[in-house]
> 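Quick one: the structure is below, questions incoming.
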Amino acid sequence: MAPDHSCMLLPGTQLVRRPLRCIRAWGRPPSRSAMDLRELVSALNDFASLSLAERWDNVGLLVEPSPPHTVNTLFLTNDLTEEVMEEAVQKKADLILSYHPPIFTPLKRVTWKTWKERLVVRALEHRIGIYSPHTAYDAIPHGVNNWLTKGLGACTSVPLHPSTAPSYPAEGTHRVEFCADNTEHLDTVLSKIKDIQEISCLTTLPARVEGEEQTRVTLNCSQKALLEVVALLSQNSLLYHKTEILLLQKPLLPHTGMGRLCTLSEPVSLSDVIERIKSHLKLPHIRLAVGMGKTLESPVKKAALCAGSGNSVLKGMEADLYLTGEMSHHDVLDAVANGISVILCEHSNTERGFLSELRDMLSIHLQNKINIIVSEKDRDPLQVA
């Protein structure tokens, strides 16, 4: 019988038994599947509905390579500058999620002349899509403003300007209701109403009014159509005086909207709040305006905040403190005169730190199907010199 060389040992050696371990190839990341760009965009829209963005905003997919386009790496940044674009190219990004939209005002041409045009050129040359959520991420309960509240410590918060449901009511801005008892005349009125554009949900139902059988007419219409409906009904004084006009308002969405009003669990001195904010935002300095009659030791119980620029969102809000990235000189003066202290941290410094939290949330939302990385070059353009 031939000797079993596989079990032979050299003199003086011992056989040591060790448990088997899985060994990953050096430098090879864990295997991930990929996503089609349109599938990914749909998932991003599910994460934060673009209908929550402000009307003036430019959100969604802004640059799309020719399909099909597969995304293996999603690259997160607060601002897409040329330096950040070069980083995305070097890291082989397939889609850039830029919190601020790099394309805001319409481009009349795409050349090499301006830096924003060059971003589009570079993106298409390297088959990189660009997606921007901006104020949709401001509004959602798990978004930028919610992240900023964590810098205050333990607190409860509500939106300063709540968002409304995007799909209710389905049609029209106003509802018009009136009753009529003259069937022949009513048929004429209804015929004319049907000729008006932007009329919807026109219904007629029998109704008893003051003991008399009548017909109740209900319709939804736009602001423009409302003027025509009122003009028509005013031709008959009996109909006109029985007309009711209701403003249709969409229901508010809980915990969703612009800005946050935060009530701290326990009052904290202004100086302590400053240190908390600097720690949360990883900033050595902030800008401070102390409210009239207040000091650094004055207690802060309520704080109104808005990531980015807080001018329009914070204006007129009652609080001990305003926290935002930037405000106009005169709005700061107004706040101080009303005894409200103001902390300014520069625009993007109140947003950028959210990206790390976003990366973790998107990894779960996208079921770890793609690689998600955060820019290392992205930074606020302003520095303290």
> Is the count of non-hydrogen atoms from other residues, nucleotides or ligands lying under 6.0 Å from E266 atom CD greater than 12?
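No, because the 6.0 Å sphere around CD of E266 holds 12 heavy atoms or fewer from other groups.
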> For residues E213 and R208, determine if any side-chain heavy atom of one lies less than 4.5 Å from a side-chain heavy atom of the other.
yes
> Quick one, D79 and R352 - any side-chain contact, counting heavy atoms below 4.5 Å?
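Result yes, sub-4.5 Å side-chain heavy-atom pair found.
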> Do you reckon Y99 sits in the same ILVMFWY cluster as L362, going by side-chain contacts under 4.5 Å, direct or chained?
yes
> Compute the ring centroids of H100 and H347, then answer whether they are less than 6.0 Å apart.
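So the answer is yes for these two rings.
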> With a 4.5 Å cut-off on side-chain heavy atoms, are M317 and L261 touching?
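No; the side chains remain at least 4.5 Å from each other.
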> Using atom types as modelled and distance alone, determine if a side-chain donor or acceptor of D272 lies under 3.5 Å from a backbone N or O of V268.
no
> Do V332 and V313 belong together in a cluster built from hydrophobic side chains that touch within less than 4.5 Å?
yes
> Under 4.5 Å between side-chain heavy atoms, hopping through other hydrophobics if needed: is there a path connecting L382 to L283?
no
> Scan side-chain atoms only and decide if S328 and D331 contain a donor-acceptor pair under the 3.5 Å cut-off.
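Yes, side-chain donor-acceptor contact under 3.5 Å.
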> Within a radius of less than 6.0 Å around CZ of F104, do more than 12 heavy atoms belonging to other residues, nucleotides or ligands occur?
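Correct, the count exceeds 12.
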> Main chain of Q223, side chain of T173: is a donor-acceptor contact present, judged purely on distance under 3.5 Å?
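Yes; at least one donor-acceptor contact below 3.5 Å.
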> Looking only at non-hydrogen atoms, find the nearest pair between I130 and M85 and report the distance.
CD1-CE, 4.3 Å
> Below 4.5 Å, heavy atoms only, C-beta onward: do V110 and L124 meet side chain to side chain?
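V110 does not reach L124 side chain to side chain.
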> Any heavy-atom pair between the side chains of V336 and Y322 that's under 4.5 Å?
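The answer is no; the side chains never approach within 4.5 Å.
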> How long is the span from the CG atom in L148 to the OG atom in S157, to the nearest 0.5 Å?
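The distance works out to 10.5 Å.
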> Please evaluate residues H365 and D46 with respect to the criterion side-chain contact (heavy atoms from CB on, under 4.5 Å), reporting the C-alpha separation (whole Å), side-chain torsions for both, the decisive distance (0.1 Å), and the verdict.
CA-CA 9 Å; H365 182 70; D46 288 339; 4.2 Å; yes
> Could you go through the side chain to side chain donor-acceptor pair (under 3.5 Å) check for S348 and D380 one step at a time?
CA-CA 6 Å; S348 67; D380 195 273; 2.5 Å; yes
> Where do L366 and A43 come nearest, in terms of heavy atoms and distance?
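L366 and A43 have their closest heavy atoms at CD2-CB, 3.6 Å.
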> Within the distance-only criterion (no hydrogens, no angle test), does the side chain of T350 pair as donor or acceptor with the backbone N or O of G308 below 3.5 angstrom?
yes
> Compare every heavy atom of V144 with every heavy atom of A307, then report the nearest pair and how far apart it is.
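Heavy atoms only, the tightest pair is CB-CG1, 3.5 Å.
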> Which word best sums up how the rings of W147 and H280 line up, parallel for under 30°, tilted for 30 to 60°, or perpendicular for over 60°?
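Taking H280 first and then W147, their aromatic rings sit tilted (interplane angle of 30° to 60°).
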> Do other residues, nucleotides or ligands put more than 12 heavy atoms under 6.0 Å from R127 CZ?
yes
> Is there a continuous path of hydrophobic side-chain contacts, each under 4.5 Å between heavy atoms, that joins L264 to L296?
yes
> To the nearest 0.5 Å, what is the distance between CG (D320) and CG (L270)?
9.5 Å
> Which distance, rounded to the nearest 0.5 Å, do you find between the CD of E87 and the OG1 of T81?
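Here the rounded value is 9.0 Å.
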> At what distance, to the nearest 0.5 angstrom, does CG of L97 lie from CZ of F75?
11.0 Å
> To the nearest 0.5 Å, tell me how far D57 CG sits from L50 CG.
9.5 Å
> Any side-chain heavy atom of S341 within less than 4.5 Å of one from V290?
yes
> Donor-acceptor check, side chain of N338 to backbone of I340, threshold 3.5 angstrom: yes or no?
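No, N338 side chain to I340 backbone: no donor-acceptor pair under 3.5 Å.
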> May I ask you to check whether over 12 heavy atoms, not counting those of H174, lie within 6.0 Å of atom NE2?
yes
> Check the pair L76, I373 against side-chain contact (heavy atoms from CB on, under 4.5 Å), reporting the backbone distance first and the verdict last.
CA-CA 6 Å; L76 309 182; I373 56 179; over 6 Å; no
> For I370 and L95: C-alpha separation, side-chain torsions, deciding distance, then whether side-chain contact (heavy atoms from CB on, under 4.5 Å) applies.
CA-CA 11 Å; I370 59 174; L95 177 66; over 6 Å; no
> Mind listing the closest non-hydrogen atom pair of G325 and L344 along with its distance?
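Taking G325 first and L344 second, the nearest heavy atoms are O-CB, 3.7 Å.
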> Answer whether the closest heavy-atom distance between the side chains of Q249 and T164 falls below 4.5 Å.
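A side-chain contact is absent here, since even the closest heavy-atom pair is not under 4.5 Å.
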> Looking only at heavy atoms, what is the nearest atom pair of S298 and T295, with distance?
OG-N, 2.8 Å
> Spell out, as yes or no, whether a donor-acceptor pair under 3.5 Å connects the side chain of S222 to the backbone of A225.
yes
> Enumerate the salt bridge (Lys or Arg N to Asp or Glu O under 4.0 Å) contacts for residues 102-118, please, sequence neighbours excluded, ordered by first and then second residue.
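Found E82-R118.
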> Backbone N or O of I372 within a donor-acceptor pair of the T73 side chain at under 3.5 Å?
no
> Does I103 share a hydrophobic cluster with V41, counting links as ILVMFWY side-chain heavy atoms below 4.5 Å and allowing steps through other members?
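As far as the 4.5 Å side-chain criterion goes, V41 and I103 are not connected within one cluster.
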> Does a salt bridge link R379 with E83, judged by any charged N lying under 4.0 Å from a carboxylate O?
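The answer is yes: the pair qualifies as a salt bridge.
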> Would you check, one step at a time, whether the test side chain to side chain donor-acceptor pair (under 3.5 Å) holds for H126 with R122?
CA-CA 6 Å; H126 292 275; R122 291 283 282 162; 3.1 Å; yes
> Are L152 and L305 close enough, and set up right, to give a side-chain contact (heavy atoms from CB on, under 4.5 Å), and what steps lead you there?
CA-CA 10 Å; L152 295 171; L305 63 82; 3.9 Å; yes
> Look at atom NZ of K91 and say whether more than 12 heavy atoms of other residues, nucleotides or ligands are closer to it than 6.0 Å.
yes
> Starting at CD1 of I343, measure out to CG of L321 and round the result to the nearest 0.5 Å.
4.5 Å
> When you measure from the side chain of D138 to the backbone N and O of M258, does any donor-acceptor pair fall under 3.5 Å?
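No; judged by distance alone, with no hydrogens or angles, the pair does not exist.
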> With a 4.5 Å limit on heavy-atom distance, are the side chains of I193 and V176 in contact?
no
> Looking at R287 and E346, is there a salt bridge between them, counting it only when a charged N and a carboxylate O are closer than 4.0 Å?
yes
> Taking side chain to side chain contact (heavy atoms under 4.5 Å, CB included) as the test, write out the residues that go with M292, two or more places apart.
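Not a single residue meets the side chain to side chain contact (heavy atoms under 4.5 Å, CB included) criterion with M292.
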> Between S363 (side chain) and R359 (backbone), is there a donor-acceptor pair under 3.5 Å?
yes
> So, N145 side chain and R260 main chain: donor-acceptor pair closer than 3.5 Å or not?
no
> Atom NZ of residue position K294 - does it have more than 12 heavy atoms of other residues, nucleotides or ligands inside 6.0 Å?
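Yes - once you tally the heavy atoms of other residues, nucleotides and ligands closer than 6.0 Å, there are more than 12.
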> If we check side chain to side chain donor-acceptor pair (under 3.5 Å) with N236, which of these qualifies: H241, H185, K242?
H185
> So, does S234 use its side chain to make a donor-acceptor pair with the main chain of A231 at under 3.5 Å?
yes
> So, for S132 and S98, which heavy atoms are closest and what is the spacing to 0.1 Å?
OG-O, 3.0 Å
